[in-house]
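This report concerns only the one structure given below.
Side chains included, hydrogens not; waters and symmetry mates left out as well; all remaining heavy atoms used. Convention: sequence-line order gives letters A, B, ...; per-chain numbering from 1.
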Amino acid sequence: MDKIYEILSGLHPELNFHDSEDFIKDGMLDSLDIVSLVSALEENYSILIDALDILPENFCSVEAIGKVVRKNGGEI
Amino acid sequence: MKAVFHNKKITGMLGILPQNEIFFEDEVNNYTFPPKQTIRLKKVMGYEKHRVVKSTTASSDFCLYGLNYMLQKGLIKREEIGAVVVVTTTPDHFIPPVSNIIQGKCGLGKETICIDISQGCVAFLIGLMQSFILLDHIGEKKVILFTTDTLSKKVSMKDRNSYPLIGDAAGITVIENDDTAKDIYFILYNDGTRGDALIIPAGGSRLACSTETAVMQDLENDGNLRSLNNLKMSGSEIFTFVQTEVPPLIEETIEYSRQSKDDIDWFLFHQPNKFMLKKLAEKLGVPYEKVPMNIVENFGNPSGASIPINIVHNLAKSVIDNTFNCCLSAFGAGLAWGAMTMELGRMKFCEMLISDC
């Protein structure tokens, strides 16, 4: 999960993602952040994320993001 | 609705762009977000540059520029034009219709049919449908379809969700009867219950523009500043709508035309952004190379003109001498989504013009 935290910090160095239980509700990620995050995850894990998995609730926590990565063939 | 159109052909096409080209990197400081964070969107969304009209330009100016060019170059004669169909979300005025303005200013005959249709992203497909129907009733004459939008005037320059991708443009398409043309298959769906996902709240009869509606605010608490006079797009909702509804629609349309995806040379889609188009191609299982997705990075998303601009930019050199089996699809405001299979090719002209608009 450290790699996911690293990617998130790359997107928003000014935020501490360890302190949040819900990145969406806490306003840390908006829809364009999710697009950037998907792109970064695809690049880092050499996967293609299914379009129908790109829903805000699937990116609300590191655990949820990990689940999406695994579902699309990524190894964490 | 499902329909098959017989003996109809696109015989010419123009894309009309404004002169004014703006680079994304020059705009990053317009937004409330850190520039570095905004710049990251350049690659993934395809934000590079876009073209917007002058403050004095109206939608009909694009159409007149293009039609006058066609008349001067002899690409069409006034007496050949049976109908003018304009599809736009940004008419010059509520009254008179843009089609009547074009008819008057270009000196077209008084018997010319003039029709305006209010549609956004699916404008080209709706306009083609209307044009095909008209062609059954106007003998040997041709229909000129104008799809034109100047949406930059309706989008807040401080809205990072929408402004970097907006582009003003017009497409002019000549459609005529042709006994040798292959059948055209068309499927269209609408869901007005989700209309708020893409909306300009003020400026119509529901809520007139006023000093109150012009106040810039962070209405969604997302860092984007816009007023009720501006376009509001719910990015997540639109993305999910497109990825859920469009792939099955395209499969259904291709099956309806008794073809397979492998039979299609080009998937010519509306151009919302590169990321969405890549995901659509993946969902459909078709190679990126068959799905042009380079319009936003060059011109911005030209709304209703996106498919003509896509065709002119990517196929202009080859569509004069060759024919291609194409699947067109558009999706967005309404919400509406449609797909059409048709042969494109052997056009008399297919050109991009840079106007003084």
Side-chain angles (χ1 to χ4, degrees), chain A residues 3-62 64-65 67-74, chain B residues 24 28 31-47 159-165 197 218 220-224 232-248 250 272-285 287-288 291 296 331:
Chain A
K3 195 169 169 183
I4 295 175
Y5 276 116
E6 214 175 284
I7 293 168
L8 287 165
S9 297
L11 289 178
H12 280 291
E14 74 285 9
L15 301 176
N16 186 348
F17 286 90
H18 291 275
D19 284 352
S20 171
E21 287 182 7
D22 192 321
F23 307 150
I24 308 296
K25 275 189 187 158
D26 290 345
M28 298 168 84
L29 296 178
D30 65 15
S31 60
L32 286 180
D33 290 324
I34 292 173
V35 167
S36 298
L37 178 57
V38 167
S39 177
L41 291 168
E42 289 186 337
E43 212 166 286
N44 276 273
Y45 290 98
S46 303
I47 55 171
L48 287 176
I49 294 178
D50 188 304
L52 296 184
D53 288 332
I54 305 174
L55 298 167
E57 56 265 35
N58 288 341
F59 298 90
C60 66
S61 66
V62 164
I65 295 168
K67 204 171 154 189
V68 169
V69 170
R70 275 193 295 272
K71 188 183 168 205
N72 288 280
Chain B
F24 178 56
V28 291
Y31 310 115
T32 60
F33 305 90
K36 199 178 163 192
Q37 191 191 326
T38 299
I39 282 288
R40 197 176 292 120
L41 296 168
K42 187 174 168 178
K43 185 180 160 200
V44 59
M45 298 290 276
Y47 295 163
D159 180 354
R160 198 188 61 174
N161 277 6
S162 301
Y163 196 76
L165 61 81
D218 185 356
E220 307 293 314
N221 291 318
D222 60 0
N224 292 296
K232 189 197 89 175
M233 176 175 65
S234 304
S236 299
E237 197 177 337
I238 292 293
F239 180 83
T240 305
F241 149 67
V242 171
Q243 303 299 336
T244 307
E245 305 288 6
V246 176
I250 288 168
N273 62 64
K274 199 171 197 168
F275 180 78
M276 201 182 277
L277 290 165
K278 277 177 93 168
K279 287 294 162 196
L280 261 186
E282 288 165 16
K283 198 81 200 150
L284 282 165
Y288 294 150
V291 188
V296 166
F331 32 82

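- For A:Phe59 and A:Phe23, the ring centers sit 6.0 Å or farther from each other.
- Among the residues in residues 276-283 of chain B, those with a non-hydrogen atom closer than 4.5 angstrom to a non-hydrogen atom of chain A are B:Lys279, B:Glu282, B:Lys283.
- Counting only heavy atoms from C-beta outward, the side chains of B:Phe33 and B:Ile39 never approach each other to under 4.5 Å.
- Geometrically, B:Arg160 does not engage B:Tyr31 in a cation-pi contact, judged by NZ or CZ lying under 6.0 Å from the ring centre and within 45° of the ring axis.
- Contact count against chain B (heavy-atom pairs under 4.5 Å) is highest for A:Val35 among A:Leu52, A:Val35, A:Asp30.
- In this structure, B:Lys274 forms no cation-pi arrangement with B:Tyr288, as its terminal cationic atom is not both closer than 6.0 Å to the ring centre and no more than 45° off the ring axis.
- Looking at heavy atoms from C-beta onward, A:Leu32 lies in side-chain contact with B:Asn161 at the 4.5 angstrom threshold.
- For the pair A:Ile4 and A:Phe17, the minimum side-chain heavy-atom distance is 4.5 Å or more.
- With a 4.5 angstrom heavy-atom cutoff, A:Leu55 touches chain B only via side-chain atoms.
- Checking B:Asp218 against B:Asn224 by side-chain atom types alone, no donor-acceptor pair falls below 3.5 Å.
- For B:Asn273, no part lies under 4.5 angstrom from a heavy atom of chain A.
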